[in-house]
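Heads up: the structure comes next, in C-alpha cells.
Keep in mind that this is a model prediction, so the values were computed, not measured. All values below were derived from every heavy atom in this structure, side-chain atoms included, with hydrogens, water molecules and symmetry-related copies excluded.
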Amino acid sequence: MGNSIAVTQACDFILFGTKGDLARRKLLPALYQLDKSELLNPASRIVGVARNDMSYDEFKQLVEKALNEFIKEDLCDETLARFYQRLDYVQVNMAESEDYARFHQAVHPDHVMVNYFSTPPALFGDICKGLADNKLIKENTRVVLEKPIGFSLTSSKVINDVVAQYFQENQIYRIDHYLGKETVQNLVALRFANSLFASKWDNRTIDHVQISVAEEVGIEGRWDYFDKAGQMRDMIQNHLLQVLTLVAMDPPVNLDADSIRDEKVKVLKSLRRINEENIHDTTVRGQYTKGFLKGNEVPGYLEEEGANLDSNSETFVAIRVDIDNWRWAGVPFYLRSGKRMPAKSSEIVVHFKNPPHNLYRDSYRNLPPNKLTIRLQPHEGVDIQMMNKVPGLGQSTRLQTTKLDLSFSDTFKNQRIAEAYERLLYEAMLGNQALFVRRDEVEEAWKWCDGIINAWAETDEAPKSYPAGSWGPVASVALITKDGRSWDE
Ligand SMILES: NC(=O)C1=CN([C@@H]2O[C@H](COP(=O)(O)OP(=O)(O)OC[C@H]3O[C@@H](n4cnc5c(N)ncnc54)[C@H](OP(=O)(O)O)[C@@H]3O)[C@@H](O)[C@H]2O)C=CC1
Ligand SMILES: O=C1O[C@H](COP(=O)(O)O)[C@@H](O)[C@H](O)[C@H]1O
C-alpha cells in the first residue's frame, strides 16, 4: 500500500458490534494501521456501536485493550493519540429503531457514512430499518456486510432482499476477506500483467489446477456457528470459489469493479453441477478425530467445547470441479480445504502439460511437469518448477527439477504486507467495490454449493474420519489419483 493515495473523502465509520470478537481482533487493529499509514482523512471518525452504556473513556479502554492484544508490533504513540481523537461511542440496541436517532449527534452531515455490520446477519434488517427510519441513509451511505450471507441460496436471498429494500447494490459491500489478501490481489496482476501467462492460460497448456487451503486451527470455540456451516459453507462457498474465479476468469475489459465481477460470475455459471449422480466421484468430506499437531495432542471435532456427539458436519472437503466453458474444457480444478491439518498453508498450483514430444525419453519416461505455485499464505510468493540441465561434461544430459522462486519478503524487503481487513476497510472508505462480492456472485456460488450439500444430505453418509494433524481422509487421495494425478504437499 506504499503508493496508495490517502482516503479522499472524510468519512464516519460506524462499527456495529464493536465489542465483538471480529471487531476487536481484526477491525479495530486494521483501522489503527490505516491511521498509522496516514490513509485516513484527518476528519474521519470511528464510531463504535453496542447495546450497553459506555462512556468515551470506557470505550477508549476497550479499543486500547484490543490494539494491545492483537497488534504484534509496538504501538506508535503519535498514531494512538490521533486514533483516540477519532473515536466516539453510541449506545444502540440494534433492534430498537428509535435508538438510531442518537447517531445524529455522532455523524457529520457532509461525511461519507460507512456502516460496518459486524453482527449476526439476523440483525442486518433491523439495522437498515433503524438507519432508514431516522433518515440516516443518503446517496453516499454505504453498508459493509460480514459473512455468512446465508446458509443456502434461499437464506442468502432473504438477507440480500432485506438489505436491498434500503440500499442500492452500489452501496453494498459484501466482505470476503480472501479478496483483501495481498497475494490474492497479486494473482490478478500475475495473470494480466505478464504476457508469459496471458497466452498460456487455458486447456492447450494447462493440465489441471489445485487450490488448497489447509488450516492448522480447529473451530476455535465457534461450535454453534461452525456445526451449522461445516467446511463447505465456511470456506468453499466463499473463499475457495472466489480464488477459483480469479484463476479461471477471462480478462476483464478493465479493472473496474463490475468488469471484474462480470467475468467472475461467468465462471460460477460455468461450474459443472454436482448432484446425487456424480457426488461420489467428485467429492470427499471428512471430520477430524483426535490427533497430534506439532507434538501436542488435540481433541477431535466431536470432543470440541459444546459438541454434539452425533454431528455429521464436515471439517474437510475435497472436490473435483469442472468448468464447462471454452477455456477450461478438460482441465479439472481440485479444491481442498480442511481444519486441523499439519500446517497452515494456502496455495494455488497450476500444473502445465508436458511438452508435445519428449526428447529426453531415454532417461525420463515422463518429464516432471512445469508447475506454477502461487503461495497465498504463509511465505507469500510465487515459484515456478522447471527442468534444468545439471552442469557437466558427458554424453548424456542429466536433468534436474529446479525452482525460480520469488519470495515477497525477499523481493519487497521494506514493504509491509497489509492485513486483508486493512485493504478492505480502506477500499470501502474509498468507494471501490472491486474487492467485494456482488449479489449475483453470492447467489451463483450458493446455487452450486447447495447442489453438493443437498446431494450429501440425500446420501446420508457420515463424513470420513481423519486424525488431526494429517492431510485429510485417505479417500481424498483416491479422488485425485484415480485421475492419474496427485496432491502437491
Ligand atoms: N469472529 C470472526 O473471526 C469472524 C466473524 N465473522 C462474522 O462477523 C460477525 C460478527 O462476528 P463476531 O464478532 O465473532 O460476533 P460476536 O458475537 O462476538 O459479536 C457480535 C456483536 O453484536 C452485538 N449485538 C448482538 N445483538 C445486538 C443488539 N440487539 N444490539 C446491539 N448489539 C448487538 C453483540 O453485543 P453484545 O456484546 O452486547 O452481545 C456483539 O458485540 C458475524 O456475522 C460473524 O459470522 C466472519 C468471519 C470471521
Ligand atoms: O472465514 C473464515 O476464514 C478463516 C480462515 O482465514 P485465514 O485468513 O486464516 O486463512 C477460517 O478459519 C474461519 O473458519 C472462516 O470462518
Establish, from distance only, whether the side-chain atoms of [X] and [Y] form a donor-acceptor pair under 3.5 Å.
X    : Y    : value
Q433 : N170 : no
S311 : D227 : yes
E146 : Y116 : yes
S337 : Q231 : yes
E427 : N432 : yes
S346 : Q377 : yes
T79  : D35  : no

With sequence neighbours excluded, what pairs up with [X] under the ring pair (Phe, Tyr, Trp, His ring centres under 6.0 Å) test?
X    : value
H379 : none
H239 : H177, Y178
F436 : Y173
W223 : Y301

Does [X] reach the side chain of [Y], with side-chain heavy atoms less than 4.5 Å apart?
X    : Y    : result
L246 : L179 : yes
L145 : V163 : yes
N312 : W456 : no
C128 : Q165 : no
I348 : L372 : no
V284 : V317 : no
T373 : D383 : yes
F117 : V144 : no

Regarding [X] and [Y], does a basic nitrogen lie under 4.0 Å from an acidic carboxylate oxygen?
X    : Y    : answer
E216 : K294 : yes
D234 : K339 : yes
K129 : D126 : no
R375 : E380 : no
R51  : D99  : no
R336 : D488 : no
E73  : K36  : yes
K264 : E441 : yes
D450 : K447 : no
D440 : R261 : no
D250 : R327 : yes
R439 : D161 : yes

Return yes when atom NZ of K135 has more than 12 non-hydrogen atoms of other residues, nucleotides or ligands closer than 6.0 Å, and no otherwise. no
Please determine whether the number of non-hydrogen atoms from other residues, nucleotides or ligands lying under 6.0 Å from atom CD of E96 exceeds 12.
yes
Output for pair (E419 CD, L34 CG), nearest 0.5 Å, gives 11.0 Å
When rounded to the nearest 0.5 Å, the distance separating CZ of R142 from CD of Q168 is 14.0 Å
- Task: Show your working on side-chain contact (heavy atoms from CB on, under 4.5 Å) between N52 and Q91 and close with a plain yes or no.
- Result: CA-CA 6 Å; N52 64 315; Q91 179 192 1; 5.5 Å; no
So the ring-ring contact (aromatic ring centres under 6.0 Å, His included) pairs with at least one residue in residues 21-55 (sequence neighbours excluded) are none
Residue pairs meeting ring-ring contact (aromatic ring centres under 6.0 Å, His included), one or both in residues 67-89, sequence neighbours left out, come to F59-Y89
Worked verdict on I453 versus S152 for side-chain contact (heavy atoms from CB on, under 4.5 Å): CA-CA 9 Å; I453 293 166; S152 62; over 6 Å; no
Taking the six-membered ring for Trp and the single ring otherwise, decide whether the centroids of W328 and F333 are under 6.0 Å apart.
yes
Given K290 and E303, is the salt bridge (charged side-chain N to carboxylate O under 4.0 Å, His left out) satisfied, shown in steps? CA-CA 8 Å; K290 83 170 168 225; E303 292 134 21; 5.2 Å; no
- Message: Before you tell me yes or no, could you show the steps for F316 and Y288 under ring-ring contact (aromatic ring centres under 6.0 Å, His included), namely the whole-Å CA-CA distance, both residues' side-chain angles and the distance that decides it to 0.1 Å?
- Response: CA-CA 8 Å; F316 173 96; Y288 60 85; over 10 Å; no
